[in-house]
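For the numbers below, each heavy atom of this structure counts, side chains included, while hydrogens, waters and symmetry mates do not. Being a predicted model, the structure only gives us computed values, none of them experimental.
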Amino acid sequence: LQMLRHTLNKQKRYLRTNRHFSLKKSDKTEKLVLLGSGWAAFHVLQQLKNTNRDITIVSPRNHFLFTPLLPSTSVGTLDFRTIIEPMRSKEKNVHFFLSKCTGVNFEKKSITAREEDDKGEFEISYDKLIIAVGAASNTFNIPGVVENAFFLKELNHARLIRQHIIKNFERASLPSRSTREKRRLLHFVVVGGGPTGVEFAGELSDFFWGDVNKYFPDVPVNEVKITLIEASKSILGSFDKDLVSKMMKNITKQGIYVRTETVVKEVKEESIVLSDGSEIPCGMVVWSTGVAPRKFINDLDIPKTKNGRIIVDEFLRVKGVPGVYSLGDCAEIAGNPLPLLAQVANQQGKYLGKALKMEKPKPFQFKFMGLMVYSGNHKSALDLNNFKGYGFTSWILWRSAYLNGIGSLRNKMQVPFGWLRKYLTFIFNILYIQHYILTQVGAILFGRDVTSF
């Protein structure tokens, strides 16, 4: 009996560690290929990973990113790893390839994927294909944006921004720098008055007044300047006008200079050029002006809108292509264009994951949950269906909503400690010890992190 028990346990370990996988279609199980790792793709995976399907994920990023808290990581309010969830799964039917999809053969029902370093290319066949690759930052083909501006869509973007901010303050504290050069280094320009741009400007202002003046005594704080540039008549055009008016007063008090109806014509290494011909010296430009289709989507020979988004029906099926679905920022429902919001992709992902398990699913219906934005100084704006508010109370609700929306228990535990650390600096050492203990305990309870950024 002991020998039999030992043999059975050994066989179980073998089955757990040797998962069979083939790039060719299996005759027994449905093969589903999922392109992307954003809001839509992540929630499709959460619904389907425990089903009897062979799921293959192809994405150049091996983690899901909780984008609403991305601006907080760029100034050190939160640690980078507290806002990501791994796309890899312990389930035997889920496989992940860190690669970019370069093409789809809809007739053969296969995709072509290429490694990140372009060293290898391979094909994967599918029974059903889900395209959820999101969208890229929109540069509007303005000269110098790609070369000289910083984007804020990925975690590595936040890391680069954070490094550059600190580098500018270090340089501005050097005696060898002239007053003019210090003034340029300490001028931070944010292009785009949407939620991401406003939240980043607010977080940046909090960082300046809360930390910089303490740790950089040689930096002239009065020379620090944040300029928020928006091409339209008002920032946050989708928000209630009264809320925006209240927010503008708070933003101005924080020292953020807002320029509306201003168009950037060129971004240089040490300045930006505006449409009126004026040139503004600055030490950093953060670009957050909306999104545009990715090259992969543009290259697909399937029906698309004028804006380059894939046309799908109310069941998120690609028009005229059997077995192919698309959702999130790269798709648009025919006759029902939805805003490019995380909540849309979130709901679509959950819907499609459930719909694929049904014989006769109902059409997708989007439920608008409202809008939220942080503007700095512990004040947020909530523009919900049944509530509109701005101030400290709204800020508490804003944080509560985001904490509830974070996926794993591990991150639900770590994010509050990140927020707490910002205000309780006098017990920093205790928090550091707690963070170390939590990290060690978390590694035992939840496993070690396998993401890269």
Side-chain angles (χ1 to χ4, degrees), residues 38-39 65-75 77-78 80 83 134-165 187-207 225-239 244 247-248 251 254 256-268 272-275 280 282-294 307 328-329 339-345 371-376 380-381 402:
W39 285 87
L65 176 63
F66 193 80
T67 49
L69 293 178
L70 190 58
S72 297
T73 64
S74 64
V75 296
T77 304
L78 294 176
F80 295 112
I83 64 167
S137 296
N138 196 346
T139 66
F140 299 97
N141 296 320
I142 295 174
V145 173
V146 175
E147 296 83 1
N148 301 314
F150 291 82
F151 298 103
L152 191 53
K153 276 186 67 67
E154 303 288 346
L155 210 56
N156 65 310
H157 295 162
R159 176 177 292 198
L160 290 173
I161 289 172
R162 184 171 171 177
Q163 291 173 346
H164 197 80
I165 291 171
H187 185 193
F188 298 85
V189 176
V190 183
V191 183
T196 301
V198 171
E199 287 194 345
F200 175 72
E203 291 279 4
L204 197 58
S205 175
D206 288 348
F207 174 63
K225 184 178 180 181
I226 305 172
T227 300
L228 180 62
I229 296 178
E230 169 58 35
S232 62
K233 293 182 179 180
S234 173
I235 62 171
L236 301 171
S238 56
F239 277 72
V244 175
M247 198 181 311
M248 283 292 294
I251 288 175
Q254 291 176 244
I256 301 173
Y257 177 48
V258 180
R259 295 189 60 164
T260 57
E261 297 183 276
T262 303
V263 178
V264 176
K265 286 298 183 182
E266 184 180 358
V267 179
K268 297 183 178 181
I272 58 170
V273 180
L274 304 180
S275 55
I280 303 175
C282 57
M284 183 179 195
V285 177
V286 175
W287 195 268
S288 178
T289 58
V291 296
R294 297 187 184 277
N307 295 327
D329 289 352
L340 300 178
L341 298 172
Q343 59 181 291
V344 175
L371 301 171
M372 301 185 296
V373 66
Y374 176 61
S375 62
S380 293
Y402 281 167

- Is there a donor-acceptor contact under 3.5 Å from the side chain of Asn148 to the main chain of Val267? yes
- Message: Let's go through Phe239 and Val373 carefully: what are the C-alpha distance in whole Å and the side-chain angles of both, what is the deciding distance for side-chain contact (heavy atoms from CB on, under 4.5 Å) to 0.1 Å, and is it a yes or a no?
- Response: CA-CA 9 Å; Phe239 277 72; Val373 66; 3.7 Å; yes
- Query: Which pairs, with at least one residue in residues 225-234 and sequence neighbours excluded, count as a salt bridge (charged side-chain N to carboxylate O under 4.0 Å, His left out)?
  - Reply: none
- OG of Ser288 to CG of Leu228: how many Å apart, nearest 0.5 Å? 9.5 Å
- Checking side-chain contact (heavy atoms from CB on, under 4.5 Å) for the pair Val145/Phe151: CA distance, chi angles, key distance, verdict? CA-CA 9 Å; Val145 173; Phe151 298 103; 3.8 Å; yes
- Task: Nearest 0.5 Å please: distance from the CG atom of Leu65 over to the NZ atom of Lys153.
- Result: 9.5 Å
- Applying side-chain contact (heavy atoms from CB on, under 4.5 Å), run through Arg259 and Leu274 and close with a yes or a no. CA-CA 11 Å; Arg259 295 189 60 164; Leu274 304 180; 3.6 Å; yes
- Quick check, are the ring centers of His164 and Phe150 under 6.0 angstrom apart? yes
- Any donor and acceptor pair, going by atom type alone, linking the side chain of Thr260 with main-chain N or O of Ile235 inside 3.5 Å? no
- Message: I'd like to check the salt bridge (charged side-chain N to carboxylate O under 4.0 Å, His left out) partners of Lys268; sequence neighbours left out, ordered by chain and number.
- Response: Glu279
- Query: Short question: side chain of Ser72, backbone of Leu70 - any donor-acceptor pair under 3.5 Å?
  - Reply: no
- Query: Rounded to the nearest 0.5 Å, how far does CG of Leu204 lie from CD1 of Ile256?
  - Reply: 7.5 Å
- Pair Trp287 + Phe140: ring centers closer than 6.0 Å: no
- Query: For the side chain of Ser74 and the backbone of Pro71, is there at least one donor-acceptor N/O pair under 3.5 Å apart?
  - Reply: yes
- How far does CG of Asn156 sit from CZ of Arg159, to the nearest 0.5 angstrom? 8.5 Å
- Task: Answer yes or no: is there a side-chain heavy-atom contact under 4.5 Å between Ile226 and Ser205?
- Result: yes
- Message: Go through it in stages, so that I can follow the logic: the residues are Ile272 and Ile229, the test is side-chain contact (heavy atoms from CB on, under 4.5 Å), and I'd like the CA-CA distance, side-chain angles, deciding distance and then a yes or no.
- Response: CA-CA 11 Å; Ile272 58 170; Ile229 296 178; 3.6 Å; yes
- Counting distance only, does the side-chain N/O of Arg294 pair as donor-acceptor with the main-chain N or O of Ala135 below 3.5 Å? yes
- Going by heavy atoms in the side chains, are Val198 and Met247 under 4.5 Å from each other? yes
- Query: Distance from Ile161 atom CD1 to Glu203 atom CD, nearest 0.5 Å?
  - Reply: 12.0 Å
- Query: Does Glu266 use its side chain to pair, donor to acceptor, with the backbone of Pro143 at less than 3.5 Å?
  - Reply: no
